[in-house]
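Remember, it's 1-based here, ligands and their atoms both numbered in the order they're listed. Side chains included, hydrogens not; waters and symmetry mates left out as well; all remaining heavy atoms used.
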Amino acid sequence: MGKNDDLEENKNQNANYDASNITALEGLEAVRLRPGMYIGSTDTKGLHHLVYEVIDNSIDEHLAGHCDTVEVIIHEGNSITVKDNGRGIPTGMHKKLQKSALEVVMTVLHAGGKFDKDTYKVSGGLHGVGVSCVNALSSYLKAEVHRDGQVHVQEYSIGKPTSSVEVIGKTDITGTFVTFQPDPTIFEELVYSFNVLATRLRELAYLNSGLRLILVDEREKDEKGDFIKEDFFSEGGLSEFVTFMDEGRTPIISKPIHVKGGKDNVEVEVAMQYNNSYSENLYSYVNNINTREGGTHVNGFRRAVTRVFKQYGDDNGFFSKLKFKISSEDFREGMTSVIAVKVPEPQFKGQTKGELGNSEVTAIVSQILGEELKHFLEENPMEAKRVIDKVILAATARHAARKAREMVQRKNVLTGSGLPGKLADCSSKDPVASEIFLVEGDSAGGTAKQGRDRNFQAILPLRGKILNVEKAMEHRIYENEEIKNIFTALGVSIEEKDGQRILNTEKLRYHKVVIMCDADIDGSHIVTLILTFFYRYMTTLIDQGYIYIAAPPLYRISKGKQFRYCWNEEEREDAVNVYSKGDPENTSGIKTQRYKGLGEMNANQLWETTMDPDARMLRQVTIADAVDCNRVFSMLMGDEVPPRRAFIEANAKYARVDV
Ligand code: 0RA
């Protein structure tokens with residue numbers, strides 16, 4: 001049932017109330033009753049959403065030209081303060097409701113925005129429910145408004161005022177400071193993540209150039225004794241965003257193409273850069289909200305890129321020697337782009353409401369970008385030629401890739417089962433119950449084959465380092481023995497539809513695909529290579545939660561017949577402590593075995609530490625943040641060497657602990 005159905009229900013039950021009462025009646029009770037409907041969820045995502053909801057109002061003040069700084073403070077105990085230097089929430093009397101406007105904004109659902117409809121409120125979107133929802137879901141909230149020379153304060157608990165609006169002093173600034181403590185009876189998770197908030201503030205800084213966003217974490221201090229603090233500010237906006245995302249790649253034009261424009265109340269901003277990689281990285285936003293599923297704005301963008309580049313290439317005879325057609329995909333290979341639109345009344349569609357539906361937006365984006373791109377090509381013939389050469393290369397490679405892919409896929413049909421010879425399959429044919437372990441090296445593969453439960457666990461040994469797909473051309477990927485084996489063992493194939501490559505997972509043979517490598521730096525490098533491959537070619541499997549990383553132990557500590565496996569230094573010290581009964585003189589009878597690789601474990605040890613579902617630890621690979629993930633992979637696997645090692649060691653960043 002949608003929000004509107006709810007309203008409808010209230011209307012019928014309270015037929016004698018007028019419109020303003022209905023809004024008030026639906027009230028904050030409804031928010032507490034069904035929080036998920038207003039903020040998405042009550043897990044860690046919903047918890048962070050509360051902060052975004054408050055910041056949205058500050059960003060509206062920025063968009064209206066009245067605010068240039070927003071500060072977010074995570075306090076000890078995980079309460080949050082959001083401070084802005086906007087105009088401050090009005091504090092005068094709201095005539096209709098006979099209350100301070102501040103109280104109305106904070107306690108009446110949907111009144112969170114501006115009162116006058118003419119104000120162009122665009123931030124928010126997916127939920128965009130206003131600061132009153134945050135109030136309803138907070139055990140404590142304080143609003144402090146600096147306005148008209150005075151400091152006004154009101155406090156609330158679960159959305160209800162616990163004091164009247166009081167003037168507590170004088171001020172010579174304007175702004176709104178909101179402090180809130182999320183209600184522990186509503187939220188399953190109460191701890192704020194600095195990284196999650198930092199990533200969002202960074203993104204907001206790029207999306208709203210000129211706005212400074214500051215994040216302070218009072219729960220932690222640095223070496224100097226100061227609170228952890230980060231400052232996000234971008235003068236160049238989306239152009240800098242693209243450069244930031246492409247940090248690990250080599251650009252092929254001197255600076256990103258950056259276009260801004262607007263028509264019929266729709267604002268359009270696009271930045272794009274070509275690099276020498278083979279993947280397309282496209283991020284789209286509507287009213288500062290990431291639209292992961294794209295939509296009409298992305299369609300308009302693609303349309304303009306294809307049309308303008310194609311025309312330019314044709315007009316100059318650049319494509320005349322090609323023996324096959326150029327597809328629209330070829331114009332976007334190695335392109336990193338951000339498309340941000342601001343739409344007054346966005347319609348969101350799709351499974352996760354991550355797709356823009358407003359049909360008028362396509363033509364607007366296409367027209368604005370098209371004109372600017374034409375100018376760019378006319379004025380920068382050298383750069384244009386470099387892009388066109390890249391497009392021709394992409395088309396040629398795609399042609400070769402299709403052939404290579406067809407070869408692999410046809411061969412499978414011809415050879416009956418088509419399963420790779422190296423695969424030790426499981427007996428179960430039920431994908432839901434079946435697991436496959438991708439194991440580094442033939443020797444560890446052998447141990448895993450002995451150690452597994454063959455009923456539901458399959459083993460595919462991979463030889464050494466698999467191909468770095470970040471640097472290889474597509475057809476090389478389908479020709480690669482290890483990668484071919486992964487495709488055929490998993491039972492998935494790539495199909496082309498309207499020039500787009502789609503992973504067909506209908507015949508996926510396992511619902512757990514576990515990457516199992518040594519617990520050392522080489523092992524994590526191999527994990528990363530395999531993950532890069534999954535991320536670029538089998539994203540759906542990650543999205544659907546099928547990809548896992550096994551966590552083999554680092555040590556076996558034993559004394560006599562007793563032993564313990566340890567996964568980190570802390571556990572090792574702990575085990576030694578226990579066996580020595582805390583006496584450092586008493587360690588000579590304690591044996592420490594350091595596992596340098598999977599190969600050093602016998603089959604039984606491998607089973608009981610790493611493969612047995614009752615004892616093992618698996619990390620499920622998730623894509624929490626696509627921007628982050630892309631950057632990580634391009635850093636790791638791209639051209640720039642220095643940032644790599646640190647990233648590899650911290651590869652837990654894109655995986656979370658599971659089971
Ligand atoms: C209603 C009207 C106006 C501003 C705001 C609300 C407002 C809300 C929040 C929430 C956090 N920061 C905020 N800043 C402003 C317009 C005020 C005017 O016309 O002066």
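The option with the heavy atom closest to atom 11 (C) of ligand 1, from among Asn57, Val105, Val82, is Asn57.
Of all atoms in ligand 1, numbered sequentially from 1 with element shown, those under 4.0 Å from a heavy atom of Pro90 are 1 (C), 2 (C), 3 (C), 4 (C), 6 (C), 17 (C). Which parts of ligand 1 touch Arg147 is read off a 4.0 Å heavy-atom cut-off, strictly below it: atoms 17 (C), 18 (C), 20 (O).
At least one heavy atom of Asp84 sits less than 4.0 Å from an atom of ligand 1.
Classification of the Tyr285-Phe241 ring pair by plane angle, with boundaries at 30° and 60°, yields tilted. The aromatic rings of His49 and Tyr52 stand perpendicular to each other, their planes meeting at an angle above 60°, with 30° marking the opposite boundary.
Taking the ring axis of Phe232 as reference, the NZ or CZ atom of Arg202 does not stay both within 45° of it and closer than 6.0 Å to the ring centre.
Heavy atoms only, all atoms of each residue included: Arg32 and Ile158 are closest at NH1-CG2, 3.1 Å.
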